[in-house]
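Here's the structure we're looking at; comments come further down.
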Amino acid sequence: MFLQYISGPVLGAVIGYITNDIAIRMLFRPRSAKYIFGKRVPFTPGIIPKEKNRIAGAIGGAISENLMNKEVLEKTLLSDEMLEKLRNAVDEFFYAQLHNEETLEQFASHYLTADEISAMRESTCDEIAKLITAKLRDKAIGANIAHAATQHVIEKTRSSVAGKIKADRLLEVIASPIESKLAQHINEVLKEQAPSMSTRIVYTEAEKLMSMPMCELFKGHEQQLEQAREGIVSVYRTIISEHLPRILESINISKIVESRIQEMDMEEVEKIIFSVMHKELRAIVWLGALLGSIMGTIMTFINI
């Protein structure tokens, strides 16, 4: 009599457990279609392998539209917490450099190759040298230098012994033609010598800069560093606010997610899903056992 009462619930529980377990496994397996006498066996491949491309597209679209859209990312990336993290990161970088004995060239070598550093230095120096050369070849330079030189001589003469015999007045009379001739000579010299002078000065200063320790570059500039930090935060805000839609469009998150899922083999997909939902899927199996047991109990009492 006891077995009559217990067999129904136990059998129902076993059947419910097994059927739910099989149903869950059939979501992933078989991973390819099976054929008997040339006819495809029903429910092969499993639901997820069969609909993998459609599921990939749906997941990619859902993530792009609901989880990684402009509003969500902008809210997260421009939150007070994120901006504070950025400020702290900048402060940590500046503080580290205040105690960094590496030269600027050594520091740059962490991010660039020696050839890239050399090419960048040469390119920058050449551009700066060209700008300086163009300025030195301006005719106004010669005129300004000549005028400053003659005025200096006149002032020195006026304050010297020669000033007592009014020699400075004589210089003032002949200053104009002297300035003109001197300016012409200065411009001729600069036109010829400016390229080599500019290049030599710029490359010399660049070598000094590249060999200077990072701590010396940053030392004494605490106030400017604070301004730089806020400047970096401001640039970050602008990039996120104004360029985020274009960035998202160029990245195409939906396509990236879809392609990644399509590239994954089903074994990998199954492992990921089970690692995330192991408890939930096992709960479904045990729920099948519970429902089977309940149905078995009901059927037992109906048959009695």
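A quick note: this is a predicted structure, and the numbers were derived from the prediction, not measured. Below, all heavy atoms of this structure are taken into account, side chains as well, without hydrogens, waters or symmetry copies.
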Give a yes or no on whether the backbone of [Y] and the side-chain of [X] come within a donor-acceptor separation of less than 3.5 Å.
X    : Y    : value
S259 : I256 : no
Q106 : T103 : yes
N144 : A140 : yes
S250 : R246 : yes

Quick one: [atom1] on [X] to [atom2] on [Y], what's the gap to the nearest 0.5 Å?
X    : Y    : atom1 : atom2 : value
K139 : K191 : NZ    : NZ    : 8.0 Å
I22  : I18  : CD1   : CD1   : 6.5 Å
I247 : I240 : CD1   : CD1   : 6.0 Å
L86  : L77  : CG    : CG    : 10.5 Å
F93  : N88  : CZ    : CG    : 15.0 Å
E258 : E263 : CD    : CD    : 11.0 Å

Minimum heavy-atom separation for [X] to [Y], with atom names?
X    : Y    : result
V285 : N20  : CA-CB, 3.9 Å
I63  : V257 : CD1-CG1, 3.8 Å
E74  : L244 : N-CD2, 3.8 Å
S275 : I272 : OG-O, 2.6 Å
V233 : L83  : CG1-CD2, 4.2 Å
M212 : L217 : SD-CD2, 3.4 Å

Atom pairs and distances, side-chain donor-acceptor, residues 115-122, under 3.5 Å, sequence neighbours left out:
unit_1 : atom_1 : unit_2 : atom_2 : d
E116   : OE1    : T113   : N      : 2.9
E116   : OE1    : T113   : OG1    : 3.4

Assigning hydrophobic clusters by single linkage (Ile, Leu, Val, Met, Phe, Trp, Tyr; side-chain heavy-atom cutoff under 4.5 Å), is [X] placed with [Y]?
X    : Y    : value
I251 : I239 : yes
I294 : L287 : yes
V269 : M277 : yes
I24  : I15  : no
I232 : L78  : yes

Exceeds 12 heavy-atom contacts within 6.0 angstrom, atom [atom1] of [X]:
X    : atom1 : result
D80  : CG    : no
E81  : CD    : no
Y95  : OH    : no
H278 : NE2   : no

I want to check something: taking the side chain as every heavy atom from C-beta on, are [X] and [Y] in contact at a cut-off of under 4.5 Å?
X    : Y    : answer
D265 : E268 : yes
L73  : M68  : yes
E101 : C215 : yes
I48  : I273 : yes
L190 : R137 : no
Q97  : E102 : no

Atom pairs and distances, donor-acceptor, side-chain atoms in residues 51-61, under 3.5 Å, two or more places apart:
unit_1 : atom_1 : unit_2 : atom_2 : d
E51    : OE1    : R54    : NE     : 3.1
K52    : NZ     : Q262   : O      : 3.1
K52    : NZ     : M264   : O      : 2.2

- request: Begin from the C-alpha positions of D21 and R25 and carry the test side-chain contact (heavy atoms from CB on, under 4.5 Å) through to its verdict.
  value: CA-CA 6 Å; D21 186 66; R25 294 183 185 278; 3.0 Å; yes
- request: Kindly indicate, with the supporting measurements, whether the criterion salt bridge (Lys or Arg N to Asp or Glu O under 4.0 Å) is fulfilled by R237 and E242.
  value: CA-CA 8 Å; R237 283 178 178 272; E242 298 182 6; over 6 Å; no
- prompt: For R40, which residues count as a salt bridge (Lys or Arg N to Asp or Glu O under 4.0 Å) partner, sequence neighbours excluded?
  reply: none
message: Parallel, tilted or perpendicular, judged at 30° and 60°: which one describes the rings of F94 and F218?
response: tilted
- request: Measure up the F274 and F28 rings against each other and bin them: parallel (under 30°), tilted (30 to 60°), perpendicular (over 60°).
  value: tilted
- prompt: Is a salt bridge present between K130 and D126, judged by a nitrogen-to-oxygen distance below 4.0 Å?
  reply: no
field: Salt bridge present between E267 and K271 (N-O < 4.0 angstrom)
entry: yes
Sequence neighbours left out, cut at 3.5 Å: what donor-acceptor pairs do the side chains of residues 192-200 make with other protein atoms?
unit_1 : atom_1 : unit_2 : atom_2 : d
S196   : OG     : Q193   : O      : 3.0
S198   : OG     : T133   : OG1    : 3.2
S198   : OG     : A194   : O      : 2.8
T199   : OG1    : P195   : O      : 2.8

message: Please determine whether salt bridge (Lys or Arg N to Asp or Glu O under 4.0 Å) holds for the pair K208 and E205, giving the CA-CA distance in whole Å, both sets of side-chain angles, and the decisive distance to 0.1 Å.
response: CA-CA 5 Å; K208 290 180 182 178; E205 293 304 314; 3.5 Å; yes
message: I'd like to check the side-chain hydrogen bond (donor to acceptor under 3.5 Å, both in side chains) partners of E207; sequence neighbours left out, ordered by chain and number.
response: none
field: side chain to side chain contact (heavy atoms under 4.5 Å, CB included) against I145, all qualifying residues, sequence neighbours excluded
entry: I141, I186
- prompt: N187 and Q184: side-chain donor and acceptor closer than 3.5 Å?
  reply: no
